[in-house]
Amino acid sequence: MMRQYELVERVTSYDPDADEDMLNRAYVYAMKAHGHQVRASGDPYFTHPLEVAAILTDMKLDDATIAAALLHDVVEDTEATHQEIEELFGPEIAGLVDGLTKIRRLDLVTKEAAQAENLRKLLLAMARDARVLLVKLADRLHNMRTLDHVKPEKRARIAQETMDIYAPLAGRMGMHAIREELDDISFEALYPEAREGIIKRLETLRAESGDILTNIEERLTEQLATHGINANVTGREKKPASIWRKMQRKDLSLGQLSDIFGFRVIVDNLPDCYRALGVVHTTWRVVPGRFKDYISNPKQNDYRSIHTTIIGPHRKRVELQIRTREMDDIAERGVAAHSFYKDAADPMAAERGVRIQHGDSNAFRWLRSLVESLAEGDHPGEFLEHTRLELFADQVFCFTPKGALIALPKGANAIDFAYAVHTDVGNSCVGCRINGRHAPLMTELANGDEIEIIRSQAQTPPAAWEKVAHTGKARAAIRRATRLAVRDQYAGLGREILERRLARFDAVYESKLASEAFRKLGVASLDDGLAALGRGEVQVRDVLMALGFNADDKKPKRDVRQTRRPASEEGERTIAVRGVNRQLPLRIDPATGAVPGERIVGILTRGEGITIYPIFSAALQKFDEEPDLWVDLAWDDDSLDDLYPARLNVVLHNEVGALGQLTQTIAEGGANIENLQMTSRARDFYNIDLTIEVEDIRHLNRIINELNRKPLISSVARATGEA
Ligand code: MN
């Protein structure tokens, strides 16, 4: 335990004017007041306020703050009263202790409304005198450092509260070191397995890259020295909690995790920051898009630094922060450092009896404006929203039409929003209104947006959404829904196959009988059975036998050309085609291509799924005798942004520039050329076999029309697949 004189010495070392007598009295008073009380760890209780005071001496805070830290728990936990504290230590310290006592009575992890009210009280208490905030953060830090001794249920609650409120608050105040430590300890308490996984991965990376830290440190220092820059380079690994957050934000897996080394280059003065940057950028390859100049553009919490990322030794990405000593101090200690510097720069302050000025730091200005807004807003929910908005800058907060708050990571869109509300809402989502206006579902949401999700029960989420969703929750739900939808499509197909065969025996499909038949074949559920039939894993012949029919009895006899009519006329099931790169093995016949808007049919190929043909395809003739293989297909309305292939036969004049005219026209038309081959060349003309990718039939026709208008292009026609 730190001795009384040690603590006082620490304070006087950075503040020679500190009131030693007052500090001594506070030490003795708190020690006596806590008496024989013990903490969960078994240590004397007084070790806690003492450690809190010690943390604050590291931040070089004034004597009143240190005294308040020593006394912060006495009113709540001992016989001491507010009045007594005021008599003994004066109104300034009593005011600080009072603020801290009030905060202790707040329970921040409660129902939304209560939480809002309490968070508001917390900020009010802290904003009256910002030193209350500093003591509170130090108090929480020490409690987190000794969290192991707390009972598990309580531990989780405290860790959650720390992660949700205190860590962001420390960050918002620019106190990076405290933020990081609070974050890491709560992460360990809440997600021990995730943390373990990250630590393992870090070990692997460390083993792969050898002594990369020292290596870079040395090379950097050396390089900078040759250019006459005096710099202190320190490298470190990122903390598991910040890596985890990054993985979540960018949706990275552990295996993709590479960006783990951070270096700090501390130089003597501001011009050296930029000179150092120049040296770094000429020595190593720079990762584009990662350069940020927070020196000319400081963050709201006063943070100043240059950030850049380079490809270092072993091709590892290395983040660099370049700044001066003073900037570093502010980066680490935030408002605490800021007020100290302000103080030193203002000799009049001491004369006026003001030892610490909080008013001029950006972070405190933020806190004050937040508190001012409290005076107006008497709606606690509204206040909570506002505060959270400010606290969590990397999130967006949106509202349902009923005013419920939905928090999403930055970059999230209406699809994420829908899934955040409820999986069913996401799955049935077909459109949205943002702030009352229709908007595309992919629109990136902004803070305060009100989103109304338009739903349709007929909807299943397109698989392509998985790529556009930001949140893991949405992606997982889309994958699940897609899997089910695919199974349903197969089941629909299986049922269609079965119904057609039964019709030949003048029998109708009955789910009860089918169910039994599948059970005989060893398939547990009807849906699975039908899906297996649709996939070709179960033969329709076997199902018929299980139903008691002699499958070989009735050979197909049917004019297949007649089956090509809109499915609705006969009430048959139509399979919706919604892009081809999906789990459902649909492939487009490459001999012709097929694009949305044109009539298509599918041919079932055992074990390979369904091949899509445009109705004019010559290849369909060979399936005329096999009606069982025909499947009605229709393009789904929302074939999204996919492109579809169409094969064309083009005849060009054999003149210079003809090929250029062809490719240019296609490019101008917004289509891709997937394949281009010269098939034959005569004296005057040559034939091109061309596959282009277009959005739909209108897009295709537009391009064909454009091509036909070009003087060097003789003719353009759709390939029919005829040899
Ligand atoms: Mn405490």
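Every number for a ligand or one of its atoms is a count from 1 in the order of the listing. All values below come from the heavy atoms of this structure, side chains included, with hydrogens, waters and symmetry mates left out. For reference, positions follow the sequence shown, starting with 1.
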Electrostatic pair Glu92:Arg131 at N-O distance under 4.0 angstrom: yes
Residue and atom, protein N/O/S, under 2.8 Å of the Mn ion (ligand 1): His48 NE2, His72 NE2, Asp73 OD2, Asp139 OD1
Pair Thr65-Asp62, side-chain donor/acceptor within less than 3.5 Å: yes
Salt bridge present between Asp98 and Lys102 (N-O < 4.0 angstrom): yes
Side chain to side chain donor-acceptor pair (under 3.5 Å) partners for Glu188, two or more places apart: Arg195
Value rounded to 0.5 Å, distance of CD in Glu444 from CG in Asp416: 10.0 Å
Donor + acceptor pair across side chains of Thr47, Arg39 (<3.5 Å): no
